[in-house]
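Note that these values count all heavy atoms, side chains included, but never hydrogens, waters or copies made by symmetry. Positions are given from 1 along the sequence.
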Amino acid sequence: MGKILITGATSNLGSRTLELLLTKVPFNQVAVLVRNTESEQIKRYVKEGVEAHQGDYLDYNSLLQAFNGVEKVMLISAPAFTDRNTQHFNVIAAAKQAGVKQVLFTSIIRKENSNLIIPEVTISDIFAEQALKASGLAYTILRNPPYLEVMHSYYGDPLKVGVKVPEGLGKVAAASLDDLAAANVAILTQNGHENKSYTLSGSEGSSFADIAEALSEIHGIHIPYEAISETEYSDTMVANGLPVPMTDFLLGWVRAINTGEFSETSGDLERLIGQKPMTYKDFLKNKFPYSKVEN
């Protein structure tokens, strides 16, 4: 197996992928692309033999240098509200020029023939997928669902105000970052995943009402689900300090969830990691990021 490079290695998904990968392959077989090679998070890996390259997606020369001698690149998608098209294209073009054999790309889950458009994400992900397929590189497209770890950002602190979101009965088969990282590592360390796309949905769906019910059971109190208008939702987010573009961004995800865009369960994630992915109830029970209600 040739050298594997993880981009975005200090991001939530990238760091988990790197940490798990290093339990499967020798440290000197792994490289990372980061903006700061002097961070404590990266320095501890470098001491063990990981090769760290300073650069970013907008610095084409830094990509070429980092990809020299690399066989597989794990392309963690660029953040929203940045020039994602240029960044993703630069990675793909540099990988091709440097002689990389395979690129893995984290995209967004979409239903077949869906018209879903989430601002800052959907269109640029489709562009990256198309560019990767046209590049001549072996590719693996990993379509990610909403993360269990960020679901609370759509409804705030339910222990204080309940689950208040625009109305909808759709469900979301969210998945944990740990399970998605495990899928990344499975593909990076195995053959047979070239030129394939995977839909990495969680094992079961939940609506916002289901989340409120699960939290009520976990905490032994009634946590209400309340359907509110989109205007009230946006106004509340803005009043809590979020800028309007971010509020619109979150509302786009809520709309998609409420219309069932992320409800399908493909089984791809379970097959890749060899076990049932974490359920939303187990996540809420074990990792819910809020303190318990004070009596």
Determine whether [X] and [Y] make a side-chain contact, defined as any pair of heavy atoms from C-beta on separated by less than 4.5 Å.
| X | Y | answer |
| --- | --- | --- |
| Ile6 | Leu33 | no |
| Met151 | Ile257 | yes |
| Ser201 | Phe262 | no |
| Leu104 | Val73 | no |
| His88 | Phe127 | no |
| Asn90 | Leu63 | yes |
| Leu188 | Val25 | no |
| Ser234 | Met237 | no |

Please report the interatomic distance [atom1]([X]) to [atom2]([Y]), rounded to the nearest 0.5 Å.
| X | Y | atom1 | atom2 | value |
| --- | --- | --- | --- | --- |
| Gln275 | Glu270 | CD | CD | 8.5 Å |
| Thr122 | Asn115 | OG1 | CG | 11.0 Å |
| Ile42 | Tyr45 | CD1 | OH | 7.0 Å |
| Lys111 | Arg143 | NZ | CZ | 14.5 Å |
| Leu21 | Gln29 | CG | CD | 8.0 Å |
| Gln41 | Thr37 | CD | OG1 | 12.5 Å |

Hydrogens and angles aside, do [X] and [Y] bring a side-chain donor and acceptor to less than 3.5 Å of each other?
| X | Y | result |
| --- | --- | --- |
| Tyr57 | Thr7 | yes |
| Glu129 | Ser107 | yes |
| Asn85 | Ser124 | no |
| Gln65 | Tyr60 | no |

List the atom of [X], the atom of [Y], and the distance in Å for their closest heavy-atom pair.
| X | Y | value |
| --- | --- | --- |
| Glu71 | Gly2 | OE1-N, 2.6 Å |
| Val161 | Lys164 | O-CD, 3.4 Å |
| Leu5 | Ala66 | CD1-O, 3.5 Å |
| Tyr280 | Gly205 | CE2-O, 4.0 Å |
| Ser62 | Gln54 | CB-O, 3.8 Å |
| Pro166 | Val254 | CD-CG1, 3.8 Å |

Are [Y] and [X] linked, directly or through intermediate hydrophobic residues, by side-chain heavy-atom contacts shorter than 4.5 Å (ILVMFWY only)?
| X | Y | value |
| --- | --- | --- |
| Val163 | Ile221 | yes |
| Ile126 | Ile76 | no |
| Leu137 | Leu64 | no |
| Leu75 | Leu58 | no |
| Val91 | Phe89 | no |

Crowding at [atom1], [X] (>12 non-hydrogen neighbours, <6.0 Å):
| X | atom1 | answer |
| --- | --- | --- |
| Lys281 | NZ | no |
| Tyr233 | OH | yes |
| Asn240 | CG | yes |
| Glu217 | CD | yes |
| Ile117 | CD1 | no |
| Leu169 | CG | no |
| Ile123 | CD1 | no |

Tell me if a side-chain donor or acceptor on [X] pairs with a main-chain N or O of [Y] at a distance below 3.5 Å.
| X | Y | result |
| --- | --- | --- |
| Gln102 | Tyr139 | no |
| Asp179 | Pro277 | no |
| Ser216 | Ile223 | yes |
| His152 | Glu149 | yes |
| Thr106 | Ser77 | yes |
| Asn286 | Leu284 | no |
| Lys3 | Gly69 | no |
| Asp235 | Glu232 | no |
| Thr86 | Asp83 | no |
| Thr265 | Gly267 | no |

Report task. Any chance you could lay out the side chain to side chain contact (heavy atoms under 4.5 Å, CB included) test for Val32 and Glu51, step after step, and finish with the verdict? Result -> CA-CA 6 Å; Val32 295; Glu51 186 178 293; over 6 Å; no
Query raised in the report: Run the side chain to side chain contact (heavy atoms under 4.5 Å, CB included) check on Thr82 and Gln87 step by step: do they pass?
Result: CA-CA 9 Å; Thr82 64; Gln87 293 179 82; 2.9 Å; yes
**Report entry** Intermediate values then yes/no, side-chain hydrogen bond (donor to acceptor under 3.5 Å, both in side chains), Asp268 and Thr199
**Finding:** CA-CA 6 Å; Asp268 286 351; Thr199 298; 4.6 Å; no
**Report entry** Pair Ile187-Leu142, side chain to side chain contact (heavy atoms under 4.5 Å, CB included): steps then yes or no
**Finding:** CA-CA 10 Å; Ile187 293 169; Leu142 302 166; 3.2 Å; yes
Report task. Carefully, step by step, assess Leu13 and Tyr147 under the rule side chain to side chain contact (heavy atoms under 4.5 Å, CB included). Result -> CA-CA 10 Å; Leu13 180 57; Tyr147 303 144; 3.8 Å; yes
Query raised in the report: Once the angle between the rings of Phe208 and Tyr155 is folded into 0 to 90°, is it parallel (under 30°), tilted (30 to 60°) or perpendicular (over 60°)?
Result: perpendicular
Requested in this report: Would you sort out whether Ser207 and Asp210 count as a side-chain hydrogen bond (donor to acceptor under 3.5 Å, both in side chains), showing the intermediate values?
Outcome: CA-CA 5 Å; Ser207 66; Asp210 292 333; 3.1 Å; yes
Salt-bridge test for [X] and [Y]: reply yes if a basic N is under 4.0 Å from a carboxylate O, no otherwise.
| X | Y | result |
| --- | --- | --- |
| Lys276 | Glu204 | no |
| Glu19 | Arg16 | no |
| Asp125 | Arg84 | yes |

Report task. For a side chain to side chain contact (heavy atoms under 4.5 Å, CB included) with Tyr198, tell me which candidate from Leu269, Ile141, Thr140 qualifies. Result -> Thr140
